[in-house]
S.K.: 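Just dropping this structure here.
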Amino acid sequence: MLRSLTLEHVGPASHLSLELGSRINVLAGDNGLGKTFLLDVAWWALTRTWARELVMPHGPPTTPSIAYEYIAKTRANHRHTSRFDRGEEKWPLEKGRPPIPGLVLYAQVDGGFSVWDPARNYWKGSDPERPAAYLFSSREVWNGLPFDAPVKVCNGLISDWASWLLEHGEAFAQLERVLTALSPSAREPLSPGALAKVSLNDARKHPTLAMPYGRDVPLIHASAGVRRIVALAYMLVWSWQEHAEACTLRGEEPVHDIIFLVDEIEAHLHPKWQRRIVPALLTVMDALTGTHDVSVQLVAATHSPLVLASVEPLFDEEQDVVHHLGLNAEGDVYLEHLPWSKQGDVVNWLVSETFGLAQGRSLEAERAIEAAEALMRGEATLTPGLDTREGIDAELRRVLAGHDAFWPRWVVWVEREEAQP
């Protein structure tokens, strides 16, 4: 499991230090402050490959470095510091094979997926034909990797799903279990339907989902949220199947650790699905393997208060951490480990340090309430149209719901003001 990352003169700040929990790690913060960047660096630290572009550091005269620590195959933790080589434009790697003992999976928000397998992506000796990691574009997840090669290391979701279904073997049983675990609800299960031809120009029989309204819908026509979760389920099964078969060939036991890196874990998902996705990912390996002996470390970037609300019943401060990227008054990015505190409600999460909103309402409602509160304190309000009691009252009636919690305060204050001589 990844323990820490320490970055000097690389990324959005001169210094960032990330201490990770052994199970749930949530990365929160505004757009552009470095959540995806940290996931990219975490992937590199664990696998020695870049899932996307090489991360470039700050310019001279700085001395950029990336230090990391993770639990290795041996008892001692593994630590290393890489200092950027400006002449070669690369981050120097350690010699030998990475000692990380588990599977590392990285689900990117654009539908890409990266897999690092200790049974297939490092080895003794050299084999130039064997990849350092499996890096899938969104298209390759569905159609195979490499997409245009006659021999593929992965057939892709469309072909594998169909062949697994026809084989009626363990791979398809695993896929069904994982889909059930990742479903949005018991009433709306992700249930495979019959294969179907979708185009005159496509010879393949396509996988479908049996929808709750009684129709089988081809996966390529499913919603963005369904496609993302179905692709995640497929990559989990494919990764585990290939890993287990590689271990059989090598005479080894399958791994007992898996690290999930997930960017914008809530992307495309309905709120009721956002409430289920983190608990589901923590248990999905049980559904996949049929055992309870695989440990999962999740590092997930999110903008969703529902994701934070969903982990409240699970959160254990001994193994779970909420990390927050923010911007201080001087315009510098900082990374902090937020003390855990249950908020109990999505609105409370929105106005917490994690998301930092002043209110969980529209901007117009927020401005009207701020003007009303200033007036009640006897302060001047400078917003045009919101500088009188009448103007504020009219705006509140326009933008607030009739049952809004602010109404009793405002109504009592107005009545008191009107009662004064």
Side-chain angles (χ1 to χ4, degrees), residues 1-7 11-13 15-43 45-46 68-71 104-109 257-267 269 271-284 295-328 332-360:
M1 301 301 180
L2 186 61
R3 295 290 301 274
S4 67
L5 289 173
T6 303
L7 313 177
H15 172 84
L16 288 176
S17 182
L18 180 67
E19 300 290 331
L20 292 108
S22 61
R23 190 179 61 155
I24 300 173
N25 293 272
V26 179
L27 294 173
D30 205 349
N31 294 96
L33 297 186
K35 296 187 298 300
T36 300
F37 163 78
L38 286 173
L39 291 175
D40 285 348
V41 175
W43 166 265
L46 291 164
Y68 53 85
E69 178 184 358
Y70 54 76
I71 299 173
V104 185
L105 309 177
Y106 183 10
Q108 288 106 46
V109 72
D257 299 290
I258 183 167
I259 300 174
F260 283 135
L261 307 174
V262 188
D263 197 6
E264 293 195 27
I265 193 169
E266 76 283 358
L269 301 186
K272 66 183 176 184
W273 212 341
Q274 293 180 27
R275 293 197 305 177
R276 295 175 60 93
I277 189 62
V278 168
L281 284 176
L282 291 178
T283 60
V284 74
S295 299
V296 175
Q297 183 186 38
L298 176 66
V299 186
T302 185
H303 295 288
S304 171
L306 278 169
V307 167
L308 270 298
S310 75
V311 304
E312 287 193 351
L314 309 172
F315 204 88
D316 177 355
E317 293 184 71
E318 294 295 319
Q319 54 184 342
D320 305 326
V321 182
V322 175
H323 312 270
H324 177 251
L325 284 156
L327 201 63
N328 64 24
D332 299 320
V333 173
Y334 63 86
L335 176 62
E336 60 182 342
H337 170 185
L338 290 179
W340 175 249
S341 177
K342 291 181 180 179
Q343 301 298 325
D345 184 272
V346 170
V347 173
N348 291 338
W349 274 110
L350 284 173
V351 299
S352 70
E353 288 183 84
T354 307
F355 295 101
L357 272 68
Q359 298 181 27

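We're numbering straight along the sequence, starting at 1. Since the structure is predicted, the reported quantities are computational estimates derived from the model, not experimental observations.
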S.K.: Tell me, which pairs form a side chain to side chain donor-acceptor pair (under 3.5 Å) where one or both residues lie in residues 314-327, sequence neighbours left out?
M.R.: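 Passing the test, one end in residues 314-327: Arg23-Asp320, Asn25-His323, Asp316-Gln319, His324-Glu336.
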S.K.: Using 0.5 Å steps for rounding, measure from the OG1 atom of Thr6 to the CG atom of Leu18.
M.R.: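 Answer for the OG1-CG pair, Thr6 versus Leu18, is 8.5 Å.
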S.K.: Using the side-chain hydrogen bond (donor to acceptor under 3.5 Å, both in side chains) criterion, which residues pair with Trp273? Sequence neighbours excluded.
M.R.: none
S.K.: Would you kindly say whether Glu312 and Trp349 are connected by a side-chain donor-acceptor distance under 3.5 Å?
M.R.: yes
S.K.: About how many Å separate CG of Leu261 and CG of Leu105, when rounded to the nearest 0.5 Å?
M.R.: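 One gets 8.0 Å once the value is rounded to the nearest 0.5 Å.
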S.K.: CG/Leu27 to OG1/Thr354 distance, rounded to the nearest 0.5 angstrom?
M.R.: 12.0 Å
S.K.: Using 0.5 Å steps for rounding, measure from the CG atom of Leu335 to the CD atom of Glu19.
M.R.: 10.0 Å
S.K.: What pairs with Lys342 under salt bridge (charged side-chain N to carboxylate O under 4.0 Å, His left out), at least two apart in sequence or on another chain?
M.R.: none
S.K.: Output yes when a side-chain donor or acceptor of Asp263 lies under 3.5 Å from a complementary backbone atom of Gln108, and no otherwise.
M.R.: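 No.
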S.K.: Under a 3.5 Å distance rule, please check whether Gln274 uses its side chain to pair with a backbone N or O of Ser304 as donor and acceptor.
M.R.: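 Judged by distance alone, no pair lies under 3.5 Å.
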S.K.: How would you list, by chain and number, every residue that makes a ring pair (Phe, Tyr, Trp, His ring centres under 6.0 Å) with Phe355, sequence neighbours excluded?
M.R.: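 None.
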S.K.: Would the distance check show the side chain of Gln297 and the main-chain N or O of Ile258 forming a donor-acceptor pair, the cut-off being under 3.5 Å?
M.R.: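 Not a single qualifying donor-acceptor pair exists.
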S.K.: So does Thr302 get a backbone contact from the side chain of Lys35, meaning a donor-acceptor N/O pair under 3.5 Å?
M.R.: no
S.K.: Please check if the side chain of Glu266 supplies one atom and the backbone of His303 the other of a donor-acceptor pair under 3.5 Å.
M.R.: yes
S.K.: For Glu69, which residues count as a salt bridge (charged side-chain N to carboxylate O under 4.0 Å, His left out) partner, sequence neighbours excluded?
M.R.: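 Result, salt bridge (charged side-chain N to carboxylate O under 4.0 Å, His left out) vs Glu69: Arg79.
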S.K.: OG/Ser295 to CD1/Ile71 distance, rounded to the nearest 0.5 angstrom?
M.R.: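 Separation between the atoms: 9.5 Å.
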S.K.: Between CD1 of Ile24 and CG of Leu281, what distance do you get to the nearest 0.5 Å?
M.R.: 10.0 Å
S.K.: Please list, chain by chain and in numerical order, all residues satisfying side-chain hydrogen bond (donor to acceptor under 3.5 Å, both in side chains) with Asp257, sequence neighbours excluded.
M.R.: none
S.K.: Assess, by modelled atom type and distance only, whether the side chains of Asp40 and Tyr106 contain a donor and an acceptor separated by less than 3.5 Å.
M.R.: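 Side chains of Asp40 and Tyr106: pair found under 3.5 Å.
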